[in-house]
Amino acid sequence: MLKIDLSLFISKDMEYNFREIEQKWQKSWVDNKIYQISEDNSKPKYYVLNMFPYPSGAGLHVGHPLGYIASDIYARFKRLQGFNVLNPMGYDAYGLPAEQYAIQTGQHPEVTTFANIDRYREQLDKIGFSFDWNREVRTCSPGYYKWTQWAFQKMFNSFFCNKEQKALPIEVLIKHFETEGNLGLDVAQSEPLTFTAEEWNSWDDKKKSDVLMNYRIAFLGETMVNWCPKLGTVLANDEVIDGVSERGGYPVEQKKMRQWCLRVSAYSQRLLDGLDTIQWSDSIKETQRNWIGRSEGTEVEFRIDGTNDYFTIFTTRADTMFGVTFMVLAPESDLVQKVTTVEQKAEVEKYIKYVKGRTERERMIDRKVTGVFSGSYAINPFTGEKNPIWISEYVLAGYGTGAIMAVPAHDSRDYAFAKHFNLPIIPLIEGADVSEESYDAKEGIVSNSPAPGKSAVEYDGESLMLNGLTIKEAIAATKTFVKKHNIGRVKVNYRLRDAIFSRQRYWGEPFPVYYKNGIPCMIPEECLPIQLPQVEKFLPTETGEPPLGNATVWAWDEANKKIVANSLIDNKTIFPIELYTMPGFAGSSAYYLRYMDPHNDKALLSTEAANYWQNVDLYVGGSEHATGHLIYSRFWNKFLYDLGISVKEEPFQKLINQGMIQGRSNFVYRIKDTNTFVSFDKKDEYDTTPIHVDVNIVSADVLDVEAFKAWRPEYKNAEFILNDEGKYICGWAVEKMSKSMFNVVNPDMIVERFGADTLRLYEMFLGPVEQSKPWDTNGIDGCHRFLKKLWNFFIKDDSVVATDGDATPEERKALHTLIKKVTGDIDQFSYNTSIAAFMVCVNELTKLKSTSREVKEALAVLIAPFCPHIAEELYHLLGHDGTVCDAKWPAFNESYLKEDNMKMMVAFNGKARFPMEFPVGTDNATIEKAALENEQSAKWLEGFTVAKVIVVPGKMINIVLKK
RNA sequence: GCGCCUGUGGCGGAAUUGGUAGACGCGUUAGACUUAGGAUCUAAUGUCUCGCGGCGUGCAGGUUCGAGUCCUGUCAGGCGCACCA
């Protein structure tokens with residue numbers, strides 16, 4: 001049977017034709033450059049930013065634009081309030097999927113990436129954003145990554161001064177070395193070194209270069225890295241989840257490698273302190289605090305028995321010095337060699353081999369107690385006793401000093417170890433029972449320190465005595481003692497690690513570095529950017545070098561300052577260039593600065609642009625970046641701030657984390673071994689298998705049976721057992737939105753069916769922006785209906801009806817209630833309640849049969865942030881020429897809400913009973929009297945007396961009764 | 001284990017500073033208009049009860065004239081960190 005869409009034949013001229021309206025205005029906005037903005041000192045600035053997307057091959061689903069819509073509404077709102085709003089968009093274009101695709105197909109990642117970007121742009125354009133596309137950035141374009149390379153070089157040429165808590169030029173440090181060695185320096189470093197000026201001056205360039213690496217903010221370091229053999233590259237800590245790679249889920253192992261690193265740890269304290277100055281959610285701040293992991297403690301020196309060698313341990317429980325019964329070293333610790341005795345050598349080596357063979361994942365899942373005795377002992381500086389030194393994987397090389405003093409009575413891990421290897425346990429806290437488990441709590445009175453009948457070691461006639469003190473006092477006393485007698489020092493430790501900054505991949509920013517006989521040198525700034533070379537194959541070379549090893553033109557001609565063929569390398573004037581590339585976070589760490597001045601080829605951004613735009617006022621993005629991008633960006637910005645490039649210490653003033661949109665999958669139920677499908681409500685009568693069905697052929701959980709038959713060839717002859725109403729009902733579940741679940745809903749499809757304004761409205765109406773929620777197309781009709789009602793409110797008989805003159809008090813009340821609500825709600829990102837208020841208001845005005853121009857003018861502007869297309873159309877139908885984007889946000893007038901009478905609820909003992917009305921301004925005494933008179937007339941109150949009357953003006957009168 | 005967040009109808013979710021819990025939307029039910037309805041409009045819709053009136057914000061207490069909101073405990077779910085000394 002031929003289906004005819006009747007709407008094509010029935011001409012209803014002024015129906016809400018969203019397709020026409022949206023196309024028309026989207027084109028007009030582009031033609032008239034409505035969203036192109038520039039610095040304007042006559043207006044206050046406001047900078048709204050979304051985390052820019054990685055353009056994946058799958059395109060956008062309805063979840064992606066959620067944050068963009070939320071921030072677009074805010075940007076438009078701010079603009080209507082008179083701000084000069086920067087609302088840019090770009091692409092985080094480097095990423096693994098494009099490279100993996102390149103390896104499989106030989107297609108250059110740039111081709112794939114650009115195609116994906118085009119698709120993203122096409123989809124984004126349909127939603128009606130106010131992005132200034134003139135400022136678009138792509139991390140993979142040379143004009144952009146020039147400044148990524150430039151920043152890296154600045155970091156290479158800087159060190160971090162702990163005293164001033166800022167980055168300084170490396171020349172300052174070199175001058176200090178030349179005159180005083182590293183005496184009296186307090187700077188961030190990889191490991192403590194001691195040398196004199198004479199030593200420094202006597203060293204050759206290679207040695208100097210090596211020593212400087214200990215201090216540079218971007219440095220080459222031998223570090224334990226997360227190596228993913230399957231991906232052929234190293235990964236950052238936040239790219240490893242449960243011991244497998246975040247992308248692909250491949251196993252990851254620990255490996256020592258030479259890598260470029262960024263000394264993020266130097267900024268630990270500033271990263272921590274900065275959190276107090278920004279408006280981010282508590283949970284994300286807390287996550288960052290955890291990640292930075294500040295802990296105050298004490299470092300204490302222990303002498304290795306029989307030698308003059310000391311080693312250092314870090315503890316937060318300095319009060320437990322008298323409960324130490326053994327020491328433990330991390331298996332990777334350099335000290336292991338030093339303390340292993342000849343007798344224990346074989347045992348220790350066996351153990352180290354065992355630990356190396358265990359992957360991170362195995363260690364995490366199987367947490368058994370293992371360890372080996374080294375053969376040596378350490379002298380406890382307080383008791384003078386010898387404690388055996390053990391080696392165990394439960395001590396981490398990367399934290400503290402990689403060595404601990406074990407107090408089994410008061411640390412559960414030490415306790416488990418002591419029990420397993422039969423080591424002594426000495427309780428120190430009064431009343432602590434350690435026969436079954438350790439007493440880890442940090443409260444109680446210290447005893448046994450020193451033990452009765454024993455005495456502590458004397459230093460200058462003084463010895464430590466902690467008995468009777470609280471744990472807090474004991475820690476403080478020990479710290480003071482340690483400092484005074486030079487047994488150790490008070491120390492703040494951070495868990496935050498330096499970031500590993502190189503990847504063994506092709507599709508990333510190349511390092512502007514060449515190697516002059518083993519010494520890394522920077523390619524001169526004026527030669528930047530050095531562009532990613534062409535390669536034939538995107539895989540590592542046969543000799544195991546990174547993919548850039550395949551490049552044939554990848555050598556630096558120092559004299560002529562240009563890139564030349566590898567074959568010319570002579571290590572005299574022509575040198576090899578770095579084969580590593582930068583990680584994903586390199587390009588995404590400072591992109592917000594580049595948006596301020598995206599076409600500048602003289603500087604990352606001009607001083608004028610930096611001073612005008614300052615930093616991002618509102619940043620919108622997912623909370624999954626809490627320990628990655630949001631830390632790196634803050635670090636990067638602080639570094640640029642030290643250089644005077646960035647004018648604000650924190651890059652993102654306010655952060656909103658939008659929730660994820662989950663998919664809502666639909667299921668059909670196939671009766672086993674048949675091609676018959678049974679409706680959800682009857683499935684329990686059969687033995688069935690649920691099968692995912694494309695949500696796009698299901699409407700309100702009712703399956704379009706014909707579309708299902710056409711969906712896949714195997715269902716062509718499917719049969720159905722329908723329910724009593726003759727419908728096929730599908731089951732449903734909330735799952736991740738993904739292709740394999742057939743629950744992906746594209747924004748394009750929604751825009752096609754309902755329009756962009758409806759999509760924008762509905763995405764915001766779904767619930768709070770910050771909350772994760774499943775997508776459910778079923779509810780969208782309500783929003784679409786609202787826009788139709790809005791349209792019909794404006795338009796009667798083919799034209800807009802707008803009568804001049806004052807609006808009635810009722811109209812003004814409805815309108816100004818809305819203005820107040822929406823203005824307040826947008827500011828708090830409470831968009832769903834704003835939209836509800838719109839619905840109420842339009843219903844109210846429709847009931848009032850309002851035709852007032854005053855009301856319609858205001859309404860068109862108020863809806864503009866949410867639904868810019870319909871707003872623009874209505875604005876023009878009202879006779880305006882400009883764009884609604886630059887209209888003035890309606891002013892709220894309190895006096896329109898005032899009423900003659902105030903309605904008050906009379907309550908007894910807090911329970912509401914009946915309402916009463918009083919003229920505005922009635923004093924409390926009168927209200928009280930009137931309410932009491934009412935009370936006396938109520939029969940059921942006999943036997944009670946009035947104890948008290950509470951009047952909440954304008955709200956309620958509460959009469960408190962007693963029997 | 002530690003830290004953070006969240007628990008409200010059939011569903012998504014409202015509820016200013018403690019002041020008539022359930023706005024708004026979906027869904028459902030009834031009616032109207034229709035050849036028709038997966039269109040539109042009107043009304044009802046927390047729950048028990050014929051009604052009066054009870055009971056209701058995960059659970060148990062507490063503070064208060066009055067608690068979804070504040071406090072204590074507890075349970076459930078989510079997120080983050082995790083052998084961090």
Side-chain angles (χ1 to χ4, degrees), chain A residues 6-7 281-291 293-295 297-298 313-317 320 328 330 363-364 367-369 392-396 398-407 410-414 416-417 440 493-496 623-624 626-627 657 699-702 704 727 761-762 765-768 770-783 785-786 788-789 792 820-821 824-825 828 830 832-840 843 903-915 946-962:
Chain A
L6 289 175
S7 66
S281 73
D282 287 342
S283 71
I284 216 149
K285 281 191 191 179
E286 203 54 36
T287 302
Q288 289 213 344
R289 285 194 191 102
N290 273 339
W291 192 258
R294 182 182 203 269
S295 72
T298 316
I313 59 92
F314 175 79
T315 180
T316 54
R317 290 294 301 274
T320 59
V328 191
R363 254 172 100 153
M364 225 162 338
R367 211 169 265 189
K368 56 189 173 187
V369 179
S392 173
E393 58 180 335
Y394 87 86
V395 174
L396 305 174
Y399 187 76
T401 59
I404 63 154
M405 61 176 212
V407 186
H410 302 295
D411 182 286
S412 53
R413 296 153 300 176
D414 297 346
F417 195 84
D440 290 15
N493 236 316
Y494 300 92
R495 202 179 67 90
L496 185 65
S623 57
E624 67 273 18
T627 56
N657 298 114
S699 172
D701 290 334
V702 177
D704 181 336
K727 287 175 180 173
L761 206 57
Y762 184 56
F765 189 65
L766 224 41
E770 278 141 300
Q771 202 167 299
S772 286
K773 55 233 156 188
W775 177 263
D776 184 355
T777 308
N778 291 338
I780 201 167
D781 288 331
C783 286
R785 255 197 292 270
F786 162 72
K788 278 193 205 164
K789 283 181 191 170
N792 290 331
K820 188 183 183 185
K821 180 82 181 149
D825 281 356
Q828 287 162 47
S830 181
N832 55 337
T833 54
S834 292
I835 295 165
F838 270 110
M839 291 173 174
V840 172
N843 269 336
K903 286 181 188 132
M904 304 206 21
M905 181 58 62
V906 180
F908 295 103
N909 289 347
K911 193 131 213 149
R913 288 286 165 179
F914 52 86
V946 177
K948 215 197 298 185
V949 176
I950 293 152
V951 178
V952 184
K955 295 226 164 132
M956 74 161 24
I957 312 135
N958 191 16
I959 298 165
V960 185
L961 302 169
K962 262 188 193 163

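In the text below, chain A, chain B and the rest are named by the order of the sequence lines, each starting its count at 1. No hydrogens, no waters, no symmetry mates; every other heavy atom, side chains included, goes into these values.
- Taking a 6.0 Å sphere around NZ of Lys820(A), one finds it holds 12 or fewer heavy atoms contributed by other residues, nucleotides or ligands.
- Side-chain contact between Tyr762(A) and Trp775(A) is present, with at least one heavy-atom pair separated by less than 4.5 Å.
- If you measure from atom CD1 of Ile835(A) to atom P of G12(B), you get 18 Å, rounded to the nearest angstrom.
- Residue Asn493(A) places none of its side-chain N or O atoms closer than 4.0 Å to OP1 or OP2 of A85(B).
- Partner assigned to A30(B) is U42(B), using Watson-Crick or G-U wobble distances below 3.5 angstrom.
- Comparing C59(B) with U45(B), their C1' atoms sit 28 Å apart, to the nearest whole Å.
- Across all strands, Met839(A) comes closer than 4.0 Å only to sugar-phosphate atoms, never to a base (heavy-atom distances).
- Residue-level contact check: Val952(A) touches the bases, meaning some heavy atom is under 4.0 Å from a base atom.
- Under the Watson-Crick or G-U wobble criterion, with both distances below 3.5 Å, G9(B) is left unpaired in every strand shown.
- In terms of polar N and O atoms assigned as donor or acceptor, the side chain of Lys955(A) comes within less than 3.5 Å of the base of U17(B) in a complementary pairing.
- Candidate nucleotides A85(B), C24(B), G80(B) were compared by shortest atom distance to the side chain of Asn290(A), and G80(B) ranks first.
- G77(B) shows a glycosidic angle more than 90° from 0 and is accordingly assigned anti.
- Within the 4.0 angstrom heavy-atom criterion, base atoms lie near Ile404(A).
- Using a 4.5 Å cut-off on side-chain heavy atoms (C-beta onward), Thr315(A) and Val407(A) make no contact.
- Comparing Asp704(A) and Ala907(A) by the nucleotide of RNA chain B that holds the closest heavy atom to each, the one mapping nearer the 5' end is Ala907(A).
- In this entry the distance linking CD1 of Ile284(A) with P of G80(B) reads 11 Å, nearest Å.
- Nucleotide U17(B) has no partner under the Watson-Crick or G-U criteria, as no pair reaches both atom distances under 3.5 Å.
- Counting to the nearest Å, the P atom of C41(B) and the CG atom of Asp781(A) are 12 Å from each other.
- Comparing the P positions of C70(B) and A15(B) gives a spacing of 14 Å, expressed to the nearest Å.
- At a threshold of 4.0 angstrom between heavy atoms, the contacts of Pro915(A) with the nucleic acid are absent.
- Taking only side-chain nitrogens and oxygens, Arg495(A) comes nearer than 4.0 Å to OP1 or OP2 of A82(B).
- The Trp291(A) side chain lies nearest to A82(B) when the options are G25(B), U20(B), A82(B).
- Under the Watson-Crick or G-U wobble criterion, with both distances below 3.5 Å, A36(B) is left unpaired in every strand shown.
- Across A85(B), A14(B), G80(B), the shortest atom-to-atom separation from the side chain of Thr315(A) is found for A85(B).
- Checking G19(B), C26(B), G3(B) against every side-chain atom of Ile950(A), the shortest atom distance belongs to G19(B).
- Nucleic acid contact class of Asn909(A) (heavy atoms, under 4.0 Å, all strands): sugar-phosphate only.
- If you check every strand for non-hydrogen atoms under 4.0 Å, Val328(A) touches nothing.
- Nearest to the side chain of Thr833(A), among A85(B), A14(B), C24(B), sits A14(B).
- Atom P of nucleotide C83(B) and atom OH of Tyr399(A) are separated by 12 Å, given to the nearest angstrom.
- Counting to the nearest Å, the P atom of C24(B) and the NZ atom of Lys821(A) are 12 Å from each other.
- Note: Tyr394(A) and Phe417(A) have tilted aromatic rings, judged against thresholds of 30 and 60 degrees for the angle between ring planes.
- If you check every strand for non-hydrogen atoms under 4.0 Å, Arg785(A) touches sugar and phosphate atoms only.
- Asp411(A) places its CG atom 14 Å from the C1' atom of C2(B), with the value rounded to the nearest Å.
- Backbone-only engagement by Lys789(A) is indicated by non-hydrogen atom pairs under 4.0 Å involving sugar-phosphate atoms exclusively.
- Ile780(A) is not listed as a side-chain neighbour of Phe765(A), based on a closest heavy-atom distance of 4.5 Å or more.
- Look at Gln771(A) and you won't find any side-chain N or O under 4.0 angstrom from OP1 or OP2 of U6(B).
- If you check G22(B) for Watson-Crick or wobble pairing at under 3.5 angstrom, you find it has no partner at all.
- Regarding Ile957(A), its CD1 atom lies at a distance of 17 Å from the P atom of G19(B), rounded to whole Å.
- Map Ser830(A) and Gly779(A) each onto its nearest nucleotide of RNA chain B; the residue landing nearer the 5' end is Ser830(A).
- Checked for salt-bridge contact, Lys821(A) and Asp825(A) meet the test: a charged N lies under 4.0 Å from a carboxylate O.
- One P atom belongs to G13(B), the other to U63(B), and the distance between them is 34 Å to the nearest Å.
- Across all strands shown, C79(B) forms a Watson-Crick or G-U wobble pair with G3(B), both key distances being under 3.5 Å.
- Two residues are said to be in side-chain contact when any heavy atoms from C-beta on lie closer than 4.5 Å; Asn909(A) and Val960(A) meet this criterion.
- Under the Watson-Crick and G-U wobble criteria, each requiring two contacts below 3.5 Å, nucleotide G68(B) is left unpaired.
- Closest approach to the Glu393(A) side chain among A85(B), C83(B), A15(B) is made by C83(B) (side chain taken as heavy atoms from C-beta onward).
- Distance, Phe765(A) CZ to G25(B) P: 7 Å, rounded to whole Å.
- For Glu286(A), the side-chain atoms get nearest to C4(B) when compared with the rest of C4(B), A85(B), U40(B).
- In the set G80(B), C26(B), A15(B), the nucleotide with an atom closest to the side chain of Thr287(A) is G80(B).
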